[in-house]
Protein chains: 2
Amino acid sequence: MTQPPLPHLSPPLPAIDPDPSRRNNLALITALVHHHGSLSRAQLTKRTGLNRSTVGALIGQLVTLGLMYEAAPTGKAQVGRPSPEVHPSPSIAALAVNPEIDAVTIGLMSLGGKVQKKIRYATERIPTAREAVNIAVAVIEGMQSELAASYRITGIGMAVPGLVNRDDGVVRYAPHLGWRDEPVARMMSEASGYVCHAANDASLAAEAELIFGAGAGQRNIVYLNGGASGIGGGLVSDGTLLRGSSGYAGEMGHTLVRTSGTVCHCGASGCLETEVSQAPLFELAGLDGGDTSQLEDALRTRRSDKLDKEVARQLGYLGIALRNAVNTLNPDAIVLDGFLGVLHALSPQTLGDHLQSQALGGPASEVTIHRAELGSDLMMIGAAELAFSQFLANPAGMGAVPTARR
Amino acid sequence: MTQPPLPHLSPPLPAIDPDPSRRNNLALITALVHHHGSLSRAQLTKRTGLNRSTVGALIGQLVTLGLMYEAAPTGKAQVGRPSPEVHPSPSIAALAVNPEIDAVTIGLMSLGGKVQKKIRYATERIPTAREAVNIAVAVIEGMQSELAASYRITGIGMAVPGLVNRDDGVVRYAPHLGWRDEPVARMMSEASGYVCHAANDASLAAEAELIFGAGAGQRNIVYLNGGASGIGGGLVSDGTLLRGSSGYAGEMGHTLVRTSGTVCHCGASGCLETEVSQAPLFELAGLDGGDTSQLEDALRTRRSDKLDKEVARQLGYLGIALRNAVNTLNPDAIVLDGFLGVLHALSPQTLGDHLQSQALGGPASEVTIHRAELGSDLMMIGAAELAFSQFLANPAGMGAVPTARR
DNA sequence: GGTGAATTGTTTTGCTAACAAACATATTCC
DNA sequence: GGAATATGTTTGTTAGCAAAACAATTCACC
């Protein structure tokens, strides 16, 4: 797969390295605008605590750089001079890649968390790392003229279901994809010419829900997603995703919930993931495959004793994992996604009651349990966030790194 | 207990509120010096990345404020002009208070983690919150003339064995002291006239080990302490103590390690704390009370089958809790204190092997297990750190808050 | 419909603090 | 004793933030 060196960034802006203070303030404003979709200058002034004139200068710079634009205020006006709304430029974009067992999904995402384009490329069999990269690169090359014309791409973010070293972008082990020690970020960088970072899918999902979804406004959340390939998690503490030493943090699917339980592929037994899984639910609901919403419909309509028992059993084990998490991490909120969200929705009291009786009084009394909100765009948003992160840390540096080579 | 308003800060310095940038840099240097005991100016320049002249100016300001002093370099000289050592002023101090079931310990701690004075006030019975406060205040008042003459006190830090809300300093529940919803920080503030903050003892211990002990240099650690009153923990992620929503985070003593295990006072069953405890070890070792080092001696010398079995059993359960923690948090290091440190020292391979086979490959391969290093001064250091934190965040503001009223 | 109050953008001015460069000082190595 | 090296010190320059004064735009009230 040869590839001509393409000018990925429309105008090759000069590399700017402003004072740390300036950079920090630019980053602050960019992040606020990005995470809220848009904010008025007055709101930005309040939220940053900076001076009116300073905020004006900062926004002026961001507008000049083409990273934002201003528009007339939309809502009905208040007393006083109207404050223009600051919007992120939709041309600032990131590519999101999410390999799964039956498809590779590629998204073109712009600032503000908006999906500009999403392509699901179904595969006949589980893709290898090389195949996933090739598919993604082919799709991206297909968009190349459009990208070059209308977008400035900050990079590629990959959300991989497995253990991913966030520092070097190596997939240490992805059991369901069958990948081991695959340097996917480097492979993708070299094949596409874009900077690429990779991380665990559930961690990125947690970040997405924190910023744009059910965790918005919270500082400490525990996110758990249940899917066909098991249970993944992401932890947010004080507004930041917990990474741990190498970015592996959050693997709560392998917490012990049952002594001498079923043996897990991880080597241990009685893991949350082995005791709580969607396969028996699908079966008892009489479904032969399908997605989460189908499962939910089926569980709501075709109830049976057996099924109720299984739901209760799984909720019990989920409750144990949550008890551990609540005691250990004292979160503001727990966000449940996938079939875990379905389980909770079926019996909204159960998990809360569990925690009240099983977890420590202090942490348990404060936590609330939510269902995830972002649905199918979740992974795209999370992966894009990974690609945006470098840009968000130094918005004025945009253009300094035109092509890859991390 | 009436109390005359005392001038707690020798020279009533004017309140200074420097630019955020300046404040940040002053804080950076102060923290570095505090955590290392002393550093040369050249080292500070390298570590901060600031300009030589800037570092010179910053240190000059800190010396003028009486927060640091410079001394001739100690080690044998290198090529080039010798760089003076910057030491924290020992007159900058904090008071540490640690109530336990049989005593209240009060420490006078100075910058650099040094214990200037430590007084253990034994009590006949478990002290109430009011009694603990009264004892501490009485001891502090006894030192008052010395304090006024030689020290500038940044405040009081309390390390309490129980759930403590770090924001308001209320002890939510301290099972072994029998305290419930006691606003100890406010009580202490009002009774002593000093700013007071309170936190969980193990969390503070984790912070102390991170900064001065076995975790020095690490960014992500899991700290677990086993004592007469159970198992407490503290978690550090990316160099910062995990607080959670209200500062309750770290309670790993109540992680499930055994389904249908012994019922715990927390309401759940099979908690780490119920399955792993020092009482049976003392008994099997033929000891009737005593401290950790006595236990260690006894376990090393008087071995028996029963005892070996019990040690193995407890290590097994401890291994499960660590597996959960390693999977969830991906730490660089695990630090074990108290009798947990003894258990580990007795059979240093066991826990590591456990983790290799039970925890996920990525996280497990990176983690190292250490024994705590700080010993008996641990709580004093941790509690003092709590009292120093405000000062460390804005060293030049010292003097702005002469007496209490958080 | 006009006037005043309120709010916010804009321009000007001044100050703080960081950096760079040139210089000074103290040590080792030869 | 001199060169090389490392580091403290002094001076000048610049970036960037904030305060103040001014301008613009809206609402409320009469």
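Sequence lines set the chain letters: A, B, ... in the order given, protein chains first and strands last, and positions in each chain run from 1.
- Summarising the geometry, the separation between CG on B:L28 and C1' on C:dA18 is reported as 14 Å, rounded to the nearest angstrom.
- Remark: A:H36 engages no residue in a side-chain hydrogen bond (donor to acceptor under 3.5 Å, both in side chains) (not counting sequence neighbours).
- Pairs engaging residues 41-65 of chain A under the ring pair (Phe, Tyr, Trp, His ring centres under 6.0 Å) rule: none recorded [sequence neighbours left out].
- Applying the salt bridge (charged side-chain N to carboxylate O under 4.0 Å, His left out) test to pairs two or more places apart or on separate chains, those with a residue in residues 40-55 of chain A are A:R41-A:E70.
- Screening residues 54-63 of chain B for salt bridge (charged side-chain N to carboxylate O under 4.0 Å, His left out), with sequence neighbours left out, gives no hits.
- Whole-Å rounding puts the A:Q61 CD to D:dC17 C1' distance at 13 Å.
- The two atoms that bring A:G247 and A:R166 nearest to each other are CA-CB, 4.0 Å, heavy atoms only.
- Distances shown here put a side-chain N or O of A:R41 below 4.0 Å from the OP1 or OP2 atom of C:dT10.
- Taking the nucleotide of DNA chain C with the nearest heavy atom to each of A:S40 and A:G80, the more 5' of the two is matched to A:G80.
- For the pair A:L44 CG and C:dG9 C1', the interatomic distance rounds to 13 Å; values are reported in whole Å.
- Between A:R81 and A:N51, the one whose closest nucleotide on DNA chain D sits nearer the 5' end is A:N51.
- A:R22 has its CZ atom 17 Å from the P atom of D:dT14, to the nearest Å.
- Summarising the geometry, the separation between CG on A:N24 and C1' on C:dA17 is reported as 16 Å, rounded to the nearest angstrom.
- Taking every heavy atom of residues 52-60 of chain A and every atom of DNA chain D, pairs under 4.0 Å involve A:R52, A:S53, A:T54, by number.
- Between the side chains of B:T240 and B:D238, no donor-acceptor pair is found at a separation under 3.5 Å.
- A ring pair (Phe, Tyr, Trp, His ring centres under 6.0 Å) check over residues 64-90 of chain B, counting only residues at least two apart or in different chains, returns the pairs B:Y69-B:H87.
- In this model, the phosphate group of D:dT7 is not approached by any side-chain N or O of B:T45 to a distance below 4.0 Å at OP1 or OP2.
- Atom CZ in B:R23 sits roughly 14 Å away from atom C1' in C:dT16 (whole-Å rounding).
- At least one side-chain nitrogen or oxygen of B:S21 sits closer than 4.0 Å to the OP1 or OP2 atom of C:dA18.
- Taking atom CD of A:E70 as the reference point, atom P of D:dT25 lies 14 Å away to the nearest angstrom.
- An OP1 or OP2 oxygen of D:dG16 is reached within less than 4.0 angstrom by no side-chain nitrogen or oxygen of A:N25.
- Across the protein-nucleic acid pair, B:L50 atom CG and C:dA20 atom P stand 11 Å apart, rounded to whole Å.
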